[in-house]
Amino acid sequence: MLSPNKTTGPNRNRVPEVTLDFWLIKLMAVTMGETAADYLAVNVGLGLTVTSLIMTGVLIVALGLQFAQKRYVPWAYWLAVVLISVVGTLITDNLVDTFGVRLQTTTIAFSVALVATFAVWYASERTLSIHTIFTTRREIFYWLAILFTFSLGTAAGDLVAESFDMGYLTSGLMFGGVIALIALAYYLIHLDAILAFWLAYILTRPLGASFGDLLSQPAEYGGLGFGTTFTSLIFLGCIAALVLYMTLKRTADDADEILLEQD
């Protein structure tokens with residue numbers, strides 16, 4: 001599920017190529033989204049409602065910065081991904097913990113919402129390709145789909161790990177195995193690239209959440225007891241390092257593009 005091409009010229013893609021470092025940072029972002037949401041709501045003591053309102057406001061600002069770029073800028077894009085991961089987690093947590101909605105219901109509801117988003121996106125644009133996010137309308141569809149994948153992944157991950165009593169490690173290994181099967185199907189039997197991408201994108205959320213909970217939750221709840229603060233800081237540091245690498249790489253690629261255009 002790696003991207004074979006890159007767009008140059010006036011129609012610059014506003015989202016990154018799907019490469020190995022894309023999947024690495026995405027997995028870390030979703031893991032941090034799980035632990036950061038718990039840290040703010042529980043450890044800081046803000047509660048779900050206040051945390052949700054604050055993080056939604058911060059996300060709106062971050063998305064405003066992302067939309068203003070009109071091209072892929074690593075720090076703006078990944079800041080939005082980390083924050084939308086936190087907010088997506090909080091949406092599911094609010095529905096389950098505050099309003100008492102069952103995890104089975106939220107999983108089905110977000111699945112329907114995601115399918116509906118893809119249906120409207122395709123009806124409007126005739127494509128779901130992530131390699132042609134050239135316009136504001138396509139970018140809106142893209143980020144809406146991303147939000148629903150995070151909320152769906154949170155609900156599905158919690159459903160498997162808690163309601164089905166599989167535990168965090170077993171759940172993480174299961175979701176990782178399914179992602180590996182999708183990758184094999186893509187490379188060996190040529191599974192549609194767009195379908196493979198979105199399936200993997202959805203499943204990296206419960207994969208990251210499972211391992212985030214495994215690291216942060218106390219031993220009596222099936223975790224390793226590192227705590228949400230330590231776990232969040234570790235993954236934040238890794239994300240920052242990867243974003244710096246991507247920024248430097250992007251700067252070098254832009255310089256090469258300028259030289260090619262001049263030639």
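Quick note: residue numbers are just sequence positions, from 1.
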When hydrophobic residues are tied together by side-chain contacts of less than 4.5 Å, even through go-betweens, does [X] share a cluster with [Y]?
X      : Y      : value
Ile146 : Tyr122 : yes
Leu233 : Tyr39  : no
Val42  : Val50  : no
Ile182 : Leu24  : yes
Tyr245 : Met28  : yes

Any [X] side-chain heavy atom under 4.5 Å of [Y] side chain:
X      : Y      : result
Arg14  : Thr136 : yes
Tyr201 : Phe150 : yes
Val58  : Val86  : no
Ile194 : Ser129 : yes
Leu207 : Ile179 : yes
Ile91  : Leu147 : yes
Pro16  : Met246 : no
Leu128 : Phe197 : no

Just how far is it from atom [atom1] of [X] to atom [atom2] of [Y], taken to the nearest 0.5 Å?
X      : Y      : atom1 : atom2 : result
Lys70  : Thr135 : NZ    : OG1   : 9.0 Å
Phe235 : Ile25  : CZ    : CD1   : 12.5 Å
Leu90  : Met55  : CG    : CE    : 7.5 Å
Ser216 : Leu224 : OG    : CG    : 9.0 Å
Leu144 : Thr117 : CG    : OG1   : 4.0 Å
Ile239 : Leu244 : CD1   : CG    : 13.5 Å

What's the shortest heavy-atom distance between [X] and [Y], and which atoms?
X      : Y      : value
Thr106 : Ala155 : OG1-CB, 3.4 Å
Arg138 : Thr132 : NH1-O, 2.8 Å
Ala41  : Thr51  : CA-OG1, 3.5 Å
Ala145 : Trp121 : CB-CZ3, 4.3 Å
Val15  : Ile130 : CG2-O, 3.2 Å
Trp75  : Thr247 : N-OG1, 4.5 Å

Measure from the side-chain N and O atoms of [X] to the backbone N and O of [Y], and report whether any donor-acceptor pair falls under 3.5 Å.
X      : Y      : result
Thr31  : Gly208 : yes
Thr92  : Ser151 : yes
Thr89  : Ser85  : yes
Arg71  : Arg12  : no
Thr107 : Leu103 : yes
Gln66  : Ala80  : no

Q) Does the gap between the ring centers of Trp78 and Phe22 come in under 6.0 Å? A)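 Yes, the ring of Trp78 comes within the 6.0 Å limit of the ring of Phe22, centre to centre.
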Q.
Using the rule given for side-chain contact (heavy atoms from CB on, under 4.5 Å), can you reason through Val30 versus Val81, listing the C-alpha separation, both sets of side-chain angles and the distance that settles it, and then say yes or no?
A. CA-CA 8 Å; Val30 299; Val81 169; 5.9 Å; no
(Q) Run Val160 and Phe175 through side-chain contact (heavy atoms from CB on, under 4.5 Å) and show every step you take. (A) CA-CA 10 Å; Val160 172; Phe175 286 117; 3.9 Å; yes
Q) Sequence neighbours excluded, which residues qualify as ring pair (Phe, Tyr, Trp, His ring centres under 6.0 Å) partners of Phe118? A)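 With sequence neighbours excluded, Phe118 shows a ring pair (Phe, Tyr, Trp, His ring centres under 6.0 Å) to Trp198, given in chain and number order.
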Q: Could you tell me whether the side chains of Arg205 and Thr149 share a donor-acceptor contact shorter than 3.5 Å?
A: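 Short answer, no.
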Q.
Please evaluate residues Leu114 and Ile202 with respect to the criterion side-chain contact (heavy atoms from CB on, under 4.5 Å), reporting the C-alpha separation (whole Å), side-chain torsions for both, the decisive distance (0.1 Å), and the verdict.
A. CA-CA 10 Å; Leu114 184 59; Ile202 292 168; 3.3 Å; yes
Q: Anything under 30° is parallel, anything over 60° is perpendicular, the rest tilted; go ahead and classify Phe110 against Phe148.
A: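 Tilted, since the angle between the ring planes falls between 30° and 60°.
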